[in-house]
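What you see below is based on every heavy atom in this structure, not just the backbone, and it leaves out hydrogens, waters and symmetry mates.
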Amino acid sequence: MERESRGVRYVGLIMEDIFTDFAKEVIRGVVTAAKGKENIRLILLVGRQNEIGVIEEKQHLYKNIYNNIYRLENVCRFDGLILTLPNTYAIENDTLELSRIKRLEKIPKVFIATKKQGETSVNYDNASGIREAIDYLVNTRGVKKICMLGGRDDNGDAMERKRVFKKCLEENQLHYDESLYQKTDMSSNCREDAAKLLDGNPDAQAIFCVNDPVAVSLYEELEARRIVPGRDILVFGFDNTKQASTLVPPLASIGPTEETLGKKALDLLLDKMDGEEVESIVLPTSFYGRESCPYDKYEYTLRELINVDSAFIDRMFDDCFYRYKNEYFDSKAINLKRLFHEFISRMLYATKRRYMSTEEFEEIGKLIDVFFDNGVMDYTDATKFLQSIERLQSAINFIQRMASANVQINRLFVRMKDRAIQALAGQRNRKTGYINSGRGQMQEFFVSTTDFDRSGSSTVENIR
């Protein structure tokens, strides 16, 4: 009663894992959507379903313990649930058995990356992004042989992406057979699978990875063979996580064009909790090019530059800082998009006038520093921003040639590039591998050494 009088509502976010970049993106999206909603309390719960098929006894017992989270009625009283359980797509029976818990049966629920009959879900449109990527590779780059590192048979998105991949090849008059495809466990620990695909297709020109973590294993195998992504073979992934931009070279990837899965899921759930009728949503996707597979969505035309086109400046910001639109900012936060528009438009007007005063140069320099000091590089990857700035600078220099404003404007570009390079150095110094192998080894250690037939301290007596 106390909670109801305050109007506080508790939302459970149920995840299979929280250490993958995909999971982190989902959590970030949900948290972003919850910001500014003071009556919402998020509770993150991690559990994993028993896998289909024969399971080694100790692994099965471990998962029974891990799955205690699904006794939700004993954990917390929820007003709404968001569940991210991809492998339920291929399971006919409801292994969560939510229907057996009468109170949970009536709780509003939204599923992420999961298709369950009769339930509200948020999923990616796998087709749009994959089709954009393959059409570009075939029709612009002239690629004739594209392979795929796929996923598990019990994962709905993995099977859908394979189906779309095959269809897109056929639409572009390219032959498909199973030798072009190698399934994986969808983690970054599938280097053997990457090796099998490469051994069977030594003439592959491009490889599509079912998600970004799988590309990590592919990168490792390519490095061992001295094959460079983007130079010797084109590589792209799916989900467009932050991990993609930290790989060396940065990984091209398919991701959402508008809202993220987590943000949209909470928005739908809150509507559902308010008694509104909601339908399942499929979010459009697009192909984001990087060094592993360069691809430019937009051209910076001289006409747009000369006319200081506002829509062009906004498009450039959205293209470069593609994560910014999915963030929540309170009224006190600096509007980085507006700030970008301010100093870029002033630079373009100076180009048009062919003159920039010392005072204006200093003012624009300060705006650029404020722009970077407020963490704008968190919403992009540095190499993409650098490439965009290089293209813009080249176009402006072509327009100006020997104009007096040329020196000041180029100094401002150098200022921006220096800040971006600093961010790039920070990204490259981070660990680029999938930060889960140590955790996985620790889990295997606990499973193999625990005596599930005993309780208390006796369960660990055999650990040495």
*Asks:* Kindly check if the number of other-residue, nucleotide or ligand heavy atoms within 6.0 Å of CD (E223) is above 12?
*Replies:*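 It does not: E223 CD has 12 such atoms or fewer within range.
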*Asks:* Please check if atom CD in E277 has more than 12 non-hydrogen atoms from other residues, nucleotides or ligands closer than 6.0 Å.
*Replies:* no
*Asks:* Taking side-chain contact (heavy atoms from CB on, under 4.5 Å) as the definition, give me every residue that meets it alongside A158, ordered by chain and number, with sequence neighbours left out.
*Replies:*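 Only N155, M186, V210 meet the side-chain contact (heavy atoms from CB on, under 4.5 Å) criterion with A158.
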*Asks:* May I ask you to check whether T260 and E25 show a side-chain donor-acceptor distance below 3.5 Å?
*Replies:* no
*Asks:* So, do E160 and R163 sit near enough that their side-chain heavy atoms are less than 4.5 Å apart?
*Replies:*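 Yes, at least one pair of side-chain atoms sits under 4.5 Å.
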*Asks:* Can you see which heavy atom on N39 is nearest to which on G7, and at what distance?
*Replies:*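 Distance-wise, the nearest heavy atoms are CB-O, 3.3 Å.
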*Asks:* Go through the structure and list residues passing salt bridge (Lys or Arg N to Asp or Glu O under 4.0 Å) with K167, not counting sequence neighbours.
*Replies:* none
*Asks:* Which residues satisfy the ring-ring contact (aromatic ring centres under 6.0 Å, His included) test with F372, sequence neighbours excluded?
*Replies:* F385
*Asks:* For D271, which residues count as a side-chain contact (heavy atoms from CB on, under 4.5 Å) partner, sequence neighbours excluded?
*Replies:*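 Residues passing side-chain contact (heavy atoms from CB on, under 4.5 Å) with D271: E276, V278.
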*Asks:* I'd like to know if the side chain of D79 reaches the main chain of Y10, judged simply by a donor and an acceptor atom lying under 3.5 Å from each other, with no hydrogens or angles considered.
*Replies:*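 Answer holds: yes.
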*Asks:* Assert yes or no for the condition that the ring centre distance of F238 to F165 is strictly below 6.0 Å.
*Replies:*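 No; F165 has its ring centre 6.0 Å or more from that of F238.
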*Asks:* Holding to salt bridge (Lys or Arg N to Asp or Glu O under 4.0 Å), I want the full list of residues that pass it with R141, two or more places apart in sequence or in another chain.
*Replies:*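 Residues passing salt bridge (Lys or Arg N to Asp or Glu O under 4.0 Å) with R141: none at all.
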*Asks:* Under the side-chain contact (heavy atoms from CB on, under 4.5 Å) test, which residues partner Q182, sequence neighbours left out?
*Replies:*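 L149, D193, K196, L197.
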*Asks:* State which residues pass side chain to side chain donor-acceptor pair (under 3.5 Å) with N201; sequence neighbours excluded, sorted by chain then number.
*Replies:*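 Checked N201 against side chain to side chain donor-acceptor pair (under 3.5 Å); matches are K145.
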*Asks:* Sorted by first residue and then second, give each ring-ring contact (aromatic ring centres under 6.0 Å, His included) pair with at least one member in residues 245-272; sequence neighbours left out.
*Replies:*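 Pairs touching residues 245-272 that pass the test: none.
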*Asks:* Going by salt bridge (Lys or Arg N to Asp or Glu O under 4.0 Å), name the residues that satisfy it together with D185, two or more places apart in sequence or in a different chain.
*Replies:*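 So D185 forms no salt bridge (Lys or Arg N to Asp or Glu O under 4.0 Å) with any residue.
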*Asks:* Test your reading of the model: is there a side-chain donor-acceptor pair from S188 to the backbone of V214, 3.5 Å cut-off?
*Replies:*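 Not confirmed, S188 side chain does not pair with V214 backbone.
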*Asks:* For residues R9 and D274, determine if any side-chain heavy atom of one lies less than 4.5 Å from a side-chain heavy atom of the other.
*Replies:* yes
*Asks:* Taking the side chain as C-beta and beyond, is there a heavy-atom pair between L44 and M15 under 4.5 Å?
*Replies:* yes
*Asks:* Just wondering, more than 12 heavy atoms not from K183 lying within 6.0 Å of its NZ?
*Replies:* no
*Asks:* Within a radius of less than 6.0 Å around NZ of K166, do more than 12 heavy atoms belonging to other residues, nucleotides or ligands occur?
*Replies:*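 No, not enclosed.
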*Asks:* Could you pull out all residues at least two apart from D199 that satisfy salt bridge (Lys or Arg N to Asp or Glu O under 4.0 Å)?
*Replies:*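 Listed in chain order: R225.
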*Asks:* Taking side-chain contact (heavy atoms from CB on, under 4.5 Å) as the definition, give me every residue that meets it alongside K337, ordered by chain and number, with sequence neighbours left out.
*Replies:* D314, F317, D318, Y324, N335
*Asks:* Any non-hydrogen side-chain atom of L251 less than 4.5 Å from a side-chain atom of V235?
*Replies:* yes
*Asks:* Taking the side chain as every heavy atom from C-beta outward, state whether R419 and D373 have any atom pair closer than 4.5 Å.
*Replies:* yes
*Asks:* Has E192 got more than 12 heavy atoms of other residues, nucleotides or ligands less than 6.0 Å from its CD?
*Replies:* no
*Asks:* Suppose we screen for ring-ring contact (aromatic ring centres under 6.0 Å, His included). Which residues come up paired with F287, at least two apart in sequence or across chains?
*Replies:*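 Once residues adjacent in sequence are excluded, the partners of F287 under the ring-ring contact (aromatic ring centres under 6.0 Å, His included) criterion are F236, Y295.
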*Asks:* Provide the closest heavy-atom pair for L266 versus A34 in the form atom of the first, atom of the second, distance.
*Replies:*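 In terms of heavy atoms, the two residues are closest at CD2-N, 3.5 Å.
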*Asks:* State, without any angle test, whether N123 and D157 hold a side-chain donor-acceptor pair at a distance under 3.5 Å.
*Replies:* no
